[in-house]
Amino acid sequence: MRIQPVVVDSKEGLGILRHSTAHVLAQAVKSLFSNVKLAIGPATEEGFYYDFDTEKPFTPEDLEKIEARMGEIIKGDFPFTQERLPRKDALAVFSGMGENYKEEIIDGLQDDIVSLYRQSDFVDLCRGPHIPSTGYIKAFKLTGTAGAYWRGSEKNKMLQRIYGTAFPSKSALAEYLQKIEEAKRRDHRKLGRELDLFTTSEDIGAGLVLWHPNGATVRRIIEDFWKSEHVRNDYKIIYSPHIAMLDLWKRSGHWDFYRENLFSPMDVEGHDYIVKPMNCPFHIEIYKSHLRSYRDLPIRYAELGTVYRYERSGVLHGLLRVRGFTQDDAHIFTTPEKLESEITGVLDFTLYILKSFGFNEFDVYLSTRPEKYVGTLENWERAEAALKGSIESQGLKYSIDPGEGVFYGPKIDIKIKDALGRAWQCSTIQVDFNLPERFDVTYRDESGRESRPIMVHRALMGSLERFFGCLIEHYVGAFPVWLAPVQVTVLTVTDRNNIYAESVYKMLREEGLRAELDVRNEKLGFKIREAQLKKIPYQLVIGDNEEKERLVAPRARGGETLTPMALTEFIRLIQSQNRPKGR
RNA sequence: GCCCAUGUAGCUCAGUUGGCAGAGCACUUCCUUGGUAAGGAAGAGGUCAGCGGUUCAAUCCCGCUCAUGGGCUCCA
């Protein structure tokens, strides 16, 4: 057998450390609780977990006890030893202990020889490798419990999962816990309440967002920017209704393939209607309201379309996963010949928009043809090549999900990473060979024959709700000047300065700036503190000195006080920042 | 939907082994005219998420419902 050293700080080494800690967890649980059966215990991105089949779920007090026992096991410095048995013998080992999940796993293995690992009196089915002994675990922590289905399927029994993490040193663990705290600080749900951006209400329903004036202002800025950029890029902006007859969704296929996400139909004068889960059929109807020539294509319809999808209650999460949301949707109808240039254009446009908001880190995924598909092989190949070509021409790193495309066409997904390191899908560019077929969408080609256009669905921000959530976390609520709900607040030192301050405030408003005036009977320090907590980019201090000299004394959100300047100069300064990133 | 936890004033949270509900901040009023992250005083504010049950008595115990959080699973 060849021995390969693995550095514990490497990704691989960390995985081995954590996986070994999972074994220690399992040993501790087995020694503390009877009638517990082992399922699986792998390492994850952030740590590890182990799934147990047990009568009663683990309580926080249980976790403390388990942690303490794990500490003893680590102190015992038991070596991890591997044992290789014929599968028959291995089966006997586990069936003798009543470990039926382990038996099930062995049943699924191809190999004749099965590997077991032991430490102290504990044995587990495991391919390894492991650290030499339990004493190598220098820092670990159990982080939580959760229900989890055996093999991830709802049809199976729910097991009790214990999550934990381990690091090569105490300081690395502390750093990790610090990162978690930082993530909590950035949490858009917390900031949403503190900055009065949005709420949800028990009386309105789960997953339905109320945009408060501050949040609505940010949204309005986003929408205005989005609209003008779309017009500039030759999209036609449209509007469509929120409900439509059920037959439309039967024809589109949503009723058959997407029903678990649809809200129930409502009866209107004997016809069933549903609230829309998508905008595409409406855009298709607009396309079909005329005969279209190849000369008209590509046609690009864009809409900030509000859709409703039924999501199971357990998956709702702040603004990132909701039941009613507005997509920044568009559908492009193109000839097959122009598909590639269209996709290149869409990808350029997507990156331009995302970068305007200050996002520069993306995970890009290309999903290709699955086994079951509609459309011609030629078109699929053409579309995949187009998607791939445009990603590469942008010089983007990407990964291919082979066979993961939707049955109707290949797609590009772009994910933005949030503060917790979770990647949230925002942008998506999907080629669709199916809907044009289902709705018999056509155009007259150069030889005068009816041809089928290809459709491209795309959303750049995905949904305004989710995108807003990402923005909040990205900026920790301190929006850049062009997005800030309030851009500048005018603060008086004493009420002698009220009249002058008001004139400053009015000038700012006339410049189109989102300004506020604070003439309350409070000390300057109090007003500054409040403006800081609201994360307003600029505070203009107005006292006797400023009034006498006809100046304003700006203080930036970062804490730096600028030398007093004429109001016109300040307006020049803030206006220079009052635009999207890189513009 | 499923497992676990949580739900007390606008916010953050105490609390009652079942016996008239508490703090800080915010809010209102008054005093204070103060120069770059909290000046002082007084006041008001709650059907203890909702519905039902047990009890002389329920915010507390039990059941159901709703919502929120951590997961499973899925997606914009």
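A, B, ... follow the sequence lines: proteins, then strands. Residue 1 opens every chain.
Note on A:Gly144: nothing from the nucleic acid sits closer than 4.0 angstrom, heavy atoms only. A:Phe467 comes within 4.0 angstrom of nothing in the nucleic acid, heavy atoms only. Residue contacts for A:Gly147: at a heavy-atom cut-off of 4.0 Å it reaches a base atom on one of the strands shown. A:Glu546 comes within 4.0 angstrom of a base, heavy atoms only. Within the nucleic acid shown, A:Leu159 has no heavy atom closer than 4.0 Å to any nucleic acid atom. Residue-level contact check: A:Asp328 touches neither bases nor backbone, having no heavy atom under 4.0 Å from any strand.
Here the options are A:Gln532, A:Lys527, A:Lys534, the test is side-chain hydrogen bond (donor to acceptor under 3.5 Å, both in side chains), and the partner is A:Gln539; only A:Gln532 passes.
One C1' atom belongs to B:G34, the other to B:G43, and the distance between them is 24 Å to the nearest Å. Only the C1' atoms considered, B:A21 is 42 Å distant from B:U73, to the nearest whole Å. For B:G10 and B:A5, the C1' atoms lie 25 Å apart once the distance is rounded to whole Å.
In terms of phosphate contacts, A:Thr494 brings no side-chain nitrogen or oxygen within less than 4.0 Å of OP1 or OP2 of B:G34. Note on A:Gln425: a side-chain N or O is less than 4.0 Å away from OP1 or OP2 of B:A76. A:Tyr310 has a side-chain polar atom (N or O) that falls below the 4.0 Å cut-off from OP1 or OP2 of B:G1. Between A:Arg189 and B:G69 there is a side-chain N or O to OP1 or OP2 distance below 4.0 Å. Contact between the side-chain N/O atoms of A:Arg193 and the OP1/OP2 oxygens of B:U12 is found at a separation under 4.0 Å. OP1 or OP2 of B:G70 has at least one side-chain nitrogen or oxygen of A:His317 nearer than 4.0 Å.
Remark: P of B:A38 and CD of A:Gln532 are 11 Å apart, rounded to the nearest angstrom.
Side-chain to base pairing of A:Arg321 with B:C74: one donor and one acceptor N or O lie within less than 3.5 Å of each other. Between the side chain of A:Asp544 and the base of B:G35, no donor-acceptor pair of N or O atoms lies under 3.5 Å. A donor-acceptor contact under 3.5 Å links the side chain of A:Arg466 to the base of B:C75. Within 3.5 Å, a donor on the side chain of A:Arg555 pairs with an acceptor on the base of B:U36, or the reverse. Judged by distance alone with a 3.5 Å cut-off, a donor-acceptor contact links the side chain of A:Tyr149 to the base of B:G1. Taking 3.5 Å as the limit, the base of B:A76 and the side chain of A:Glu311 contain a donor-acceptor pair of atoms between them.
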### Message
Apply ring pair (Phe, Tyr, Trp, His ring centres under 6.0 Å) to residues A:Tyr50 and A:Phe52 and explain how you reach the verdict.
### Response
CA-CA 7 Å; A:Tyr50 213 112; A:Phe52 303 94; 5.1 Å; yes
Q) Is there a ring pair (Phe, Tyr, Trp, His ring centres under 6.0 Å) between A:Phe359 and A:Phe467 once you walk through the steps? A) CA-CA 11 Å; A:Phe359 290 112; A:Phe467 192 75; 5.5 Å; yes
**Q.** Residue pair A:Phe407, A:Phe257: steps toward the ring pair (Phe, Tyr, Trp, His ring centres under 6.0 Å) verdict
**A.** CA-CA 11 Å; A:Phe407 72 92; A:Phe257 297 112; 5.5 Å; yes
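Taking a cutoff of 4.0 Å between a charged side-chain nitrogen and a carboxylate oxygen, A:Glu64 and A:Arg69 do not qualify as a salt bridge. Of the charged side-chain nitrogens involved, none lies within less than 4.0 Å of a carboxylate oxygen, so that A:Glu260 and A:Arg312 do not count as a salt-bridged pair. The residues A:Glu303 and A:Lys227 are annotated as not salt-bridged, no charged nitrogen and carboxylate oxygen being separated by less than 4.0 angstrom. A salt bridge does not link A:Glu181 to A:Arg185: none of the charged side-chain nitrogens sits closer than 4.0 Å to a carboxylate oxygen.
Applying the salt bridge (charged side-chain N to carboxylate O under 4.0 Å, His left out) test to pairs two or more places apart or on separate chains, none has a residue in residues 196-214 of chain A.
Stem regions annotated for RNA chain B: B:1-7 with B:66-72, B:10-13 with B:22-25, B:27-31 with B:39-43, B:49-53 with B:61-65, counting only runs of 3 or more consecutive pairs of Watson-Crick or G-U type with both contacts under 3.5 Å.
When the nearest nucleotides of RNA chain B are assigned to A:Ser427 and A:Gly559 by heavy-atom distance, the more 5′-ward of the two goes with A:Gly559. Each of A:Met158 and A:Gly205 was matched to the nucleotide of RNA chain B holding its nearest heavy atom; the match closer to the 5' end belongs to A:Met158.
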